[in-house]
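Note: hydrogens, waters and symmetry copies are ignored here, and every other heavy atom, side chains too, is used. If you're wondering where the values come from, they're calculated on a predicted model, not measured in any experiment. As the structure lists them, so they are numbered: ligands from 1, and atoms in each ligand from 1.
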Amino acid sequence: MKAELLYEGKAKKVYRSSTDSEKLVLAYKNDATAFNGKKKESFPGKGRLNNEISSLIFPYLHNHGIRSHFIKRLNETEQLVLETEIIPLEVVVRNLATGSITKRLGFKEKTPFNPALIELFYKNDELDDPLINDDHALLLTDITLAELREIKVKALEINTVLREFFYTSNLTLVDFKLEFGRLPDGRIVLSDEISPDTCRLWDLETNAKMDKDVFRQGTGDLVTVYEQLLQRLEARV
Ligand code: TMP
């Protein structure tokens with residue numbers, strides 16, 4: 001099914017589909033990295049789990065009016081997506097303060113943000129993905145002001161849909177990171193992945209972390225936690 005390797009990232013490989021040249025195959029790897037790759041470990045089973053979790057979330061978003069690059073899950077570790085040109089922005093949506101914003105700006109842990117807070121980071125490994133403002137984004141990428149506004153509106157819509165999705169699995173969606181890509185016809189759609197690598201999810205009652213923070217902070221077994229998360233999400237659908 002897959003053919004030419006186009007790109008290898010920290011958590012996924014991207015191939016051009018051998019059967020349809022306008023489509024890409026995303027192959028989820030077992031590697032986990034944190035702190036811009038400074039901490040790295042391989043976890044057998046992680047690729048399958050993130051592929052399965054992401055493959056539950058994108059169709060749910062689609063059913064709630066959110067267009068994305070996702071077409072279908074192909075097998076244990078791969079999914080078929082539309083080809084997009086990734087806009088090098090990480091769009092982070094925060095419902096509660098934790099992680100980098102507590103260190104950077106001194107917000108007290110768990111401070112609620114209502115409406116949710118959006119932050120933009122420039123996707124650039126050499127620069128360690130720095131926080132940027134809208135004017136930087138307009139200079140550093142090919143998006144227009146109208147598209148940037150559209151992306152932010154979309155990010156908040158996605159937050160509303162995902163919060164409900166996770167809430168019905170007894171999880172608080174604390175924050176998450178989105179990426180958007182441009183289709184050949186110029187339209188911008190949600191791209192990349194949505195998984196416990198890219199979301200912070202806390203148990204609704206105990207606040208136990210069910211995401212990559214267990215690896216970042218060395219507080220739990222990543223595969224066990226991702227497996228539990230998948231089981232919870234499967235139980236709701
Ligand atoms: P942060 O608190 O470290 O800025 O992370 C905010 C959210 O973005 C969190 O849900 C984890 C996610 N994230 C990524 O998906 N990729 C990254 O490279 C980073 C730094 C964060």
Trainee: Quick one: does D197 get a heavy atom under 4.0 Å from ligand 1?
Mentor: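 Right, D197 reaches ligand 1.
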Trainee: Does the ring of Y226 carry K46 above it, NZ/CZ under 6.0 angstrom from centre and within 45° of its axis?
Mentor: no
Trainee: Using the rule side-chain contact (heavy atoms from CB on, under 4.5 Å), only one of I194, L201, L162, T198 pairs with F176; which is it?
Mentor: L162
Trainee: In the protein, what heavy atom is nearest to atom 18 (O) of ligand 1, and what distance, to one decimal place, separates them?
Mentor: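 Going by distance alone, atom 18 (O) of ligand 1 is nearest to E90 OE1, 3.8 Å.
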Trainee: Test your reading of the model: is there a side-chain donor-acceptor pair from N170 to the backbone of E205, 3.5 Å cut-off?
Mentor: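 No: the side chain of N170 does not pair with the backbone of E205.
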Trainee: Considering only non-hydrogen protein atoms, determine which one is nearest to atom 1 (P) of ligand 1 and report residue, atom name and distance to 0.1 Å.
Mentor: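 Heavy-atom neighbour on the protein nearest atom 1 (P) of ligand 1: S100 OG, 3.4 Å.
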Trainee: Assess the residue pair L120 and L148 against the criterion (side chain to side chain contact (heavy atoms under 4.5 Å, CB included)); give the C-alpha distance rounded to whole Å, side-chain angles, the decisive distance to 0.1 Å, and a yes or no.
Mentor: CA-CA 10 Å; L120 299 178; L148 188 57; 4.0 Å; yes
Trainee: Salt bridge between E227 and R48, side-chain N to carboxylate O under 4.0 Å?
Mentor: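 Yes.
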Trainee: Which of the numbered atoms in ligand 1 are under 4.0 angstrom from any heavy atom belonging to G99?
Mentor: 2 (O)
Trainee: Enumerate the atoms of ligand 1 whose separation from the nearest heavy atom of V92 is less than 4.0 angstrom.
Mentor: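 Contacts of ligand 1 toward V92, numbered from 1: 6 (C), 8 (O).
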Trainee: Using a 4.0 Å cutoff against the non-hydrogen atoms of C199, which atoms of ligand 1 qualify?
Mentor: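 Taking each heavy atom of C199 in turn, ligand 1 has 10 (O) under 4.0 Å.
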Trainee: Check each heavy atom of R94 against ligand 1 and say whether those closer than 4.0 Å belong to the side chain, the backbone, both or neither.
Mentor: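 The answer is the side chain of R94.
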Trainee: Please list, in number order, the atoms of ligand 1 under 4.0 Å from a heavy atom of F176.
Mentor: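 Reading through ligand 1 atom by atom, the close ones are 10 (O).
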Trainee: Can we say D211 and R200 salt-bridge, meaning some charged N sits less than 4.0 Å from an Asp/Glu carboxylate O?
Mentor: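 Not counted as a salt bridge, because no side-chain N and carboxylate O are separated by less than 4.0 Å.
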Trainee: Which ligand 1 atoms does T198 reach within 4.0 Å, using its non-hydrogen atoms?
Mentor: 10 (O), 12 (C), 15 (O)
Trainee: Checking side-chain hydrogen bond (donor to acceptor under 3.5 Å, both in side chains) between N51 and each of E193, E78, Q79, which is the one that passes?
Mentor: Q79
Trainee: For ligand 1, does D175 get within less than 4.0 Å through its side chain, its backbone, both, or neither, judged by non-hydrogen atoms?
Mentor: both
Trainee: Mind checking ring pair (Phe, Tyr, Trp, His ring centres under 6.0 Å) for F180 and listing every partner two or more places apart, or none if nothing turns up?
Mentor: none
Trainee: Atom 6 (C) of ligand 1: which of K123, K103, R200, K177 has the nearest heavy atom?
Mentor: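 Considering heavy atoms of K123, K103, R200, K177, the nearest to atom 6 (C) of ligand 1 sits in R200.
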Trainee: When you look at NZ of K10, are more than 12 heavy atoms from neighbouring residues, nucleotides or ligands closer to it than 6.0 Å?
Mentor: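 Yes.
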Trainee: As a check for students: among E193, R216, K212, identify the option with a heavy atom nearest to atom 11 (C) of ligand 1.
Mentor: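 Selected option, by shortest heavy-atom distance: R216.
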Trainee: Counting only heavy atoms on the protein side, is anything nearer than 4.0 Å to atom 9 (C) of ligand 1?
Mentor: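 Looking at atom 9 (C) of ligand 1, one finds that a protein heavy atom does lie closer than 4.0 Å.
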